[in-house]
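Below is one structure; the comments refer to it alone.
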Amino acid sequence: MELVLKHASKPAVHLQWDKEPGTLQGDQNLIDQIHAIADMALQEGYISHPIPCVDYPVTDPFHDEQELALIFAFLGYDCDQVSIPQIQSFSDNVTY
């Protein structure tokens, strides 16, 4: 799947995501950043959701499109092809 990552202050970046094996191809520098944030999120068990004070569990970011979208958001990118999870209730996902 082709992903177009948009950033407020950088040119758009095109990546190829193969969900089955969980691989990304394209700008290697950005992919390295994505892997670094994903590793951190996996170690912590969560990543911050764009809604302040909400942490979202992360277990498999290279196979789960919502988790991958949160990694992109953490780096300041928006991607129309994958979307961040919608929070229905703060109590469902808030880590205290």
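For reference, positions follow the sequence shown, starting with 1. All values below come from the heavy atoms of this structure, side chains included, with hydrogens, waters and symmetry mates left out. Since the model is a prediction, treat every value here as computed from it, not as a measurement.
Counting heavy atoms from C-beta outward, Val58 and Leu70 have side chains that stay 4.5 Å or more apart. Taking 4.5 Å as the limit, some side-chain heavy atom of Phe62 sits within range of a side-chain heavy atom of Ile34. Here the side chains of Leu15 and Ile31 are in contact, with some heavy-atom distance below 4.5 Å.
The main-chain N or O of Ala12 is never found under 3.5 Å from a side-chain atom of His7 such that the two would form a donor-acceptor pair.
Between the CE atom in Met40 and the CZ atom in Phe74 there is a gap of 4.0 Å [rounded to 0.5 Å]. Note that the CZ atom of Phe72 and the CD1 atom of Ile37 stand 12.5 Å from one another [nearest 0.5 Å]. The CD atom of Gln66 sits 5.5 Å away from the OG atom of Ser83 when rounded to the nearest 0.5 Å. Residue Leu3 holds its CG atom at 10.5 Å from CG of Asp80, rounded to the nearest 0.5 Å. Between atom CD1 of residue Ile71 and atom NE2 of residue His35 there is a gap of 10.5 Å, rounded to the nearest 0.5 Å. The CG atom of Asp18 sits 10.0 Å away from the CE atom of Met1 when rounded to the nearest 0.5 Å.
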task = Give the C-alpha distance, both sets of side-chain angles, the deciding distance and a yes or no for side chain to side chain contact (heavy atoms under 4.5 Å, CB included) between Glu2 and His14.
result = CA-CA 7 Å; Glu2 182 175 10; His14 293 254; 2.6 Å; yes
ask   = Can you list the steps and then say if Tyr56 with Ile84 is a side chain to side chain contact (heavy atoms under 4.5 Å, CB included)?
value = CA-CA 10 Å; Tyr56 192 84; Ile84 61 172; over 6 Å; no
message = Checking Leu5 against Leu75 for the side chain to side chain contact (heavy atoms under 4.5 Å, CB included) test, could you report, in this order, the C-alpha distance in whole Å, the side-chain angles of both residues, the deciding distance, and whether it holds?
response = CA-CA 10 Å; Leu5 280 65; Leu75 290 167; over 6 Å; no
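Closest heavy-atom contact between Leu68 and Pro61: CB-O, 3.2 Å. In this structure, Val13 and Asp27 approach most closely via the heavy-atom pair CG1-CB, 4.0 Å.
When only modelled atom types and interatomic distance are considered, Asp39 and Gln43 share no side-chain donor-acceptor pair under 3.5 Å.
Applying the 6.0 Å contact sphere to CD of Gln25 captures no more than 12 heavy atoms from other residues, nucleotides or ligands.
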